[in-house]
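Here the structure comes first, spelled out in structure tokens, and everything after it is commentary.
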Amino acid sequence: MPHTTGVRPEMVSRVIPVDPFDLVIFGGTGDLARRKILPGLFRRFRSGQMPEGAHVIGAARSDMDDAAYRDMVREAIGEHGGSEAKDSKALEHFLEHVRYVAVDARGNTGWDALKEVLREDEGLVRAFYFSVGPGLFAELAEGLRRHGLADAETRIVVEKPFGHDLESARALNEELARHFHETQIYRIDHYLGKETVQNLMAVRFGNMLFEPLWNSQYVDHIQITVAETVGVGGRGSYYDKSGAMRDMVQNHLMQLLCLIAMEPPARFEPDAVRDEKLKVIRALDPVDPDSIVRGQYTSDGTVNSYREDAENPLSKTESFIALKTYISNWRWANTPFYLRTGKRLSARASEIAVVFKDAPHSIFGIDAGRHSNVLSIRLQPNEGMTLGVTIKEPGPGGMRLVDVPLDMTFADALGPEAEEVPDAYERLIMDVIRGNQTLFMRGDEVEAAWAWTDPLIEGWQRRGDSPKPYDAGSSGPDDAAFLINRDGRRWRGVRQ
Ligand code: NAD
């Protein structure tokens, strides 16, 4: 039987180039393109994964020529491309693959010019990244068809937010479906592109150790935390119409919950995985009003309050939410899932914690202490996993138990190459070119997520609930602690 005795560096850094492609970034001058998409493409180019035959075409409203756009891209990569951006030879080489066309998504200008720069070569992948405001998604899809830029092989990448509620998500799905088949639509949730998220699946389904215990019989509860230190800042007026539930829970936290809770798919293939995720969402219970805590940050004297950031002195939008939910199926019946996310918290940290039940009986007596195993899956910072196991405290003086971490931080285990794993956007864009939809949300998943979210939002709106104030830099409102403490449990510390 084949087996691996260790991880060799070449196993980590092996890169297979993708097919040649034309990738058009609508919104190619915007914040997301400058911070994530373009630096990500540059890193993939430098690694050898983006081939020589690839073209990146920025498209936005501003009038500029290729040279001016390349200057902008050079600057963006210099600022956001990390240490690799210092490789100026590679950067200049990458820029030779970059072009720009001014296109107005709302009008007719620029489409013909865009058509001219796109190549018709056999086997060339054509993809359009909609990195523009959500109000333009449907128009862009329609424009691509009307101007003859898309055929049955063309792919579109759609950013978040995908709808504002079930009705708008359904309408957007219908609009897109008029022009593109579901297999051509890549709805992005960058949490799914994170290395640890995929590793979660490798750990769950590649080992015999965890899966037998992965159920309500052995798992006491699961916590999913996405804590941010930033406020809503410049996005205040947009965020105020959305709130933490729509901005984070309906998509990112829900996706993490699905991957933690889903049944093993028969294969690691797009529809097999997405079918299982959909079953989880459909099995989610409605949440009791007393199992939801919403919060809004107040000023600590050094930063604005939420209401100041949102420029809405009467805002009832939440910048923090904690909730407890259950999944009504055989595997998870009666196992609470505690979710929380918020802005202006004490640390930037995202973690999924699987907290196992206590051993049923301690043979060491009460004085030795009792500990439950926790599998902690960290998404940021320092992505990795830690399994807390109980051992004997070293030294004389009897049997005292202590928790030690079995650390699976990739960089430690796999060497420095593991630190160069692609970031989420890089990986996902390469998946688009490869035609692999496994890590993208299917239309019915998004709708099911809204179908669960909408009644919760309608509930607090109907009751006229106001979010609880919490201090900027704290761990959220006190009621969020009460939500879990009343069940005899505690939130795990939010640490950097
Ligand atoms: P942005 O406002 O910085 O950029 C918008 C881009 O769209 C600009 O390039 C602008 O020129 C272009 N644009 C606007 N109207 C146009 C039109 N009529 N025709 C052609 N181009 C037009 O926005 P952003 O922050 O880059 O966000 C883009 C999308 O990505 C949004 O849907 C946003 O919700 C999503 N997103 C952004 C981030 C982020 O970190 N910025 C994170 C997640 C998702």
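All values derive from a computational prediction rather than experimental measurement.
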Would you please name every residue forming a salt bridge (Lys or Arg N to Asp or Glu O under 4.0 Å) with [X], sequence neighbours left out?
{"X": "E92", "value": "R74"}
{"X": "R282", "value": "none"}
{"X": "K115", "value": "none"}

Output all residues satisfying side chain to side chain contact (heavy atoms under 4.5 Å, CB included) with V230, sequence neighbours left out; order by chain, then residue number. E228
Taking side chain to side chain contact (heavy atoms under 4.5 Å, CB included) as the definition, give me every residue that meets it alongside T453, ordered by chain and number, with sequence neighbours left out. M245, Q250, M254, W450, I457
Is it true that [X] and [Y] have a side-chain N and a carboxylate O under 4.0 angstrom from each other?
{"X": "R235", "Y": "D309", "value": "no"}
{"X": "R462", "Y": "E458", "value": "no"}
{"X": "R331", "Y": "E263", "value": "yes"}
{"X": "R378", "Y": "E351", "value": "no"}
{"X": "D423", "Y": "K194", "value": "no"}
{"X": "E175", "Y": "R170", "value": "no"}
{"X": "R427", "Y": "E195", "value": "yes"}
{"X": "D465", "Y": "K316", "value": "no"}
{"X": "D151", "Y": "R126", "value": "no"}

Are [X] and [Y] packed together at the side-chain level, in the sense that at least one heavy-atom pair is separated by less than 4.5 angstrom?
{"X": "M262", "Y": "M201", "value": "yes"}
{"X": "Q437", "Y": "R274", "value": "yes"}
{"X": "Y129", "Y": "I37", "value": "yes"}

Centre-to-centre under 6.0 Å for Y470 and F320, is that the case here? yes
Going by distance alone, is a donor N or O of one side chain under 3.5 Å from an acceptor N or O of the other, for [X] and [Y]?
{"X": "Q255", "Y": "K277", "result": "yes"}
{"X": "D189", "Y": "N251", "result": "no"}
{"X": "Y306", "Y": "D240", "result": "yes"}
{"X": "H164", "Y": "K241", "result": "no"}
{"X": "D104", "Y": "T109", "result": "no"}
{"X": "E52", "Y": "H97", "result": "yes"}
{"X": "H147", "Y": "E142", "result": "no"}

Would F128 and L118 count as a side-chain contact (heavy atoms from CB on, under 4.5 Å) here? Give the steps. CA-CA 11 Å; F128 295 92; L118 295 174; 3.9 Å; yes
For [X], I'd like to know if atom [atom1] has over 12 heavy atoms of other residues, nucleotides or ligands within 6.0 Å.
{"X": "E167", "atom1": "CD", "result": "no"}
{"X": "K468", "atom1": "NZ", "result": "no"}
{"X": "D121", "atom1": "CG", "result": "yes"}

As a test of understanding, state which of L114, D66, D65 forms a side-chain contact (heavy atoms from CB on, under 4.5 Å) with R99. D66
Can you see whether F162 has R187 sitting over its ring - NZ or CZ less than 6.0 Å from the centre and within 45° of the normal? yes
Charged tip of R307 within 45° of Y297 ring normal and under 6.0 Å: no
Apply the test side chain to side chain donor-acceptor pair (under 3.5 Å) to residues D165 and S168: give CA-CA distance (whole Å), side-chain angles for both, the deciding distance (0.1 Å), then the verdict. CA-CA 6 Å; D165 52 18; S168 55; 2.7 Å; yes
Please state whether the rings of F26 and F130 are parallel, tilted or perpendicular, taking 30° and 60° as the class boundaries. perpendicular
Parallel under 30°, tilted from 30 to 60°, perpendicular over 60°: which one fits the rings of H190 and Y425? parallel
Scan residues 72-92 for pairs that pass ring-ring contact (aromatic ring centres under 6.0 Å, His included), counting only residues two or more places apart or in two chains. none
